[in-house]
Amino acid sequence: VIGALWRVVLTADFDPAKPDAIDALVRTTRPTATSADATASVLAGVLGALADLALVKGSPALIAQQLAAVDVVVAIITRVSRVDAPTDRASPERAALVAAMRWLAAVSTHPLTKHLVDKGVLHIARRSLEMRVDDELLVHAIVLCANVASDHEDLATAVCAARIPRLLTRVVLNAATAAEVKRLAVDAVDTIVASLGGNTATTETEEKTLPVALAALASSQSSPVCWAEGVWGLHLMAVAEPAKTASKLARLPAVMEVLRERSTPNGPTTTPAAPGDEVALARRVAGLTLADLEKAASL
């Protein structure tokens, strides 16, 4: 079934290393049943069917066939997400991008995400989060990151090393982001913390849950790159608008305590430090954030 679906769009001599070959693949369309003038991306339809199949559990052979196509999908995403690629919703490039990201998110539901990380999917997810693309793409990027982090502590550390937690914080702070997408972002931070062996409190709103999760991440003993991401996330929240966010953070004991600990050179750590400048910078950020929150608490 997997091979038959790919043969709908791929020829025997298809080379994912050739941009022209990917462009031709992406731009292949067919008329729709609803309008004689409308067309739909054939590739997007194939990737959509493959994503549905990837959600089927209990078939190792099926997922193994899916994983064989990771290089092709990564090449497609890299090509259609380039700076000068069309971004309007009607373009076949955007249809292919959405479908390819959905496929990655679906495949990541299986405990084989180390293979995806080795193929560079965290870089792809980071680009999506950095560009603050529309909510549909954000959902797939967030789900991908959460699924990778949930598989193993080392993979959660890789997610932190890709600076995903601070980008998830930006997603939550963006007023234009839909509430359900913000919730997914908060849940993803919770997943990262849980995979690292930490605990987070569950509350009703993102506004309360996110700082607690970030404080737990900043308390992580797993790796400096992980606690640094928690510190950076808290810093982004502290300087965000509206200004009342800082005063709310200042009333959370877990937030203030971890910032005090991380702002000192002898703060708790049980693992070798990351490159000294990154650790020193994170401690500096923790100190500045703590000062800002203490000032907000006094107003």
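A donor-acceptor contact shorter than 3.5 Å is absent between the side chain of R94 and the backbone of D88. Using modelled atom types, no side-chain atom of E180 and backbone atom of A178 make a donor-acceptor pair closer than 3.5 Å. At least one donor-acceptor pair under 3.5 Å links the side chain of T28 to the backbone N or O of A24. Without hydrogens or angle criteria, R127 side chain to S81 main chain gives a donor-acceptor distance under 3.5 Å. Under the 3.5 Å distance criterion, the side-chain polar atoms of R283 are matched with a main-chain donor or acceptor of T264. The closest donor-acceptor contact from the side chain of S195 to the backbone of A149 lies under 3.5 Å. Under a 3.5 Å cut-off, the side chain of S220 and the backbone N or O of A216 do not form any donor-acceptor pair. At least one donor-acceptor pair closer than 3.5 Å links the side chain of H152 to the backbone N or O of D154.
If you chain together hydrophobic residues whose side chains sit under 4.5 Å apart, V46 and V56 fall into the same group. Residues M131 and L122 are members of one and the same hydrophobic cluster, defined by side-chain heavy-atom contacts under 4.5 angstrom among Ile, Leu, Val, Met, Phe, Trp and Tyr. Criterion: ILVMFWY side-chain heavy atoms under 4.5 Å apart, direct or through other members. Under it, V239 and V255 are not part of a common hydrophobic cluster.
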Trace of the side-chain hydrogen bond (donor to acceptor under 3.5 Å, both in side chains) decision for Q66 with W103: CA-CA 9 Å; Q66 294 270 26; W103 182 87; 2.9 Å; yes

F14/I22 under side-chain contact (heavy atoms from CB on, under 4.5 Å): CA gap, chis, key distance, verdict: CA-CA 8 Å; F14 175 77; I22 295 179; 4.1 Å; yes

Stepwise salt bridge (Lys or Arg N to Asp or Glu O under 4.0 Å) test for D52 and R102: CA-CA 9 Å; D52 291 338; R102 179 173 176 256; 2.5 Å; yes

Evaluation steps, side-chain contact (heavy atoms from CB on, under 4.5 Å), between D135 and L138: CA-CA 5 Å; D135 286 352; L138 282 177; 3.8 Å; yes

Pair K119-L116, side-chain contact (heavy atoms from CB on, under 4.5 Å): steps then yes or no: CA-CA 5 Å; K119 296 295 184 179; L116 298 180; 5.7 Å; no

Intermediate values then yes/no, side-chain contact (heavy atoms from CB on, under 4.5 Å), R79 and D23: CA-CA 8 Å; R79 181 63 181 167; D23 288 344; 2.8 Å; yes

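Between E93 and R27 there is a salt bridge, since a side-chain N of the basic residue sits under 4.0 Å from a carboxylate O of the acidic one. At a threshold of 4.0 Å, the pair K114-D151 does not count as salt-bridged, since none of the basic side-chain nitrogens sits closer than that to a carboxylate oxygen. For the pair R82 and D84, the salt-bridge criterion is met [side-chain N within less than 4.0 Å of a carboxylate O].
The side-chain heavy atoms of L104 and V107, taken from C-beta on, include no pair separated by under 4.5 Å. Within the 4.5 Å cutoff, the side chain of I76 has heavy atoms near those of the V72 side chain. At a threshold of 4.5 Å between non-hydrogen side-chain atoms, the residues V74 and D71 do not count as touching. Contact of the V8 side chain with the L43 side chain is not registered, since no non-hydrogen atoms from C-beta on lie closer than 4.5 Å. Counting heavy atoms from C-beta outward, E278 and P224 have side chains that stay 4.5 Å or more apart. Taking the side chain as every heavy atom from C-beta outward, L288 and V285 never approach each other to under 4.5 Å. V186 has its side chain out of reach of K182: every pair of non-hydrogen atoms, C-beta onward, lies at least 4.5 Å apart. Using a 4.5 Å heavy-atom threshold, the side chains of L173 and T169 count as touching.
Here the closest non-hydrogen pair linking A238 and L293 is CB-CD2, 3.8 Å. H140 approaches A105 most closely through the heavy-atom pair O-CB, 3.8 Å. Residues C226 and C160 approach most closely at SG-SG, 3.4 Å, considering heavy atoms. The heavy-atom pair separating A85 from V80 by the smallest distance is CB-O, 3.2 Å. Nearest heavy atom pair, residue A282 against residue V231, reads O-CG1, 3.5 Å. In terms of heavy atoms, V172 sits closest to A185 at CG2-CB, 3.7 Å.
Both tests do not hold together for R163 against W232: distance to the six-membered ring centre under 6.0 Å, angle to the ring axis within 45°.
Put simply, CG on L144 and CZ on R126 are 13.0 Å apart, with the number rounded to the nearest 0.5 Å. Once rounded to the nearest 0.5 Å, the distance linking CD of E229 with CG of L196 reads 11.5 Å. The line from CE of M256 to CG of L234 is 10.5 Å long, rounded to the nearest 0.5 Å. Rounding to the nearest 0.5 Å gives a distance of 9.0 Å between CG of L259 and OG of S219. Within the model, atoms CG of D190 and CZ of R183 stand 8.0 Å from one another, a figure rounded to the nearest 0.5 Å. Taken from CG in L67 to CD1 in I63, the straight-line distance is 5.0 Å, to the nearest 0.5 Å.
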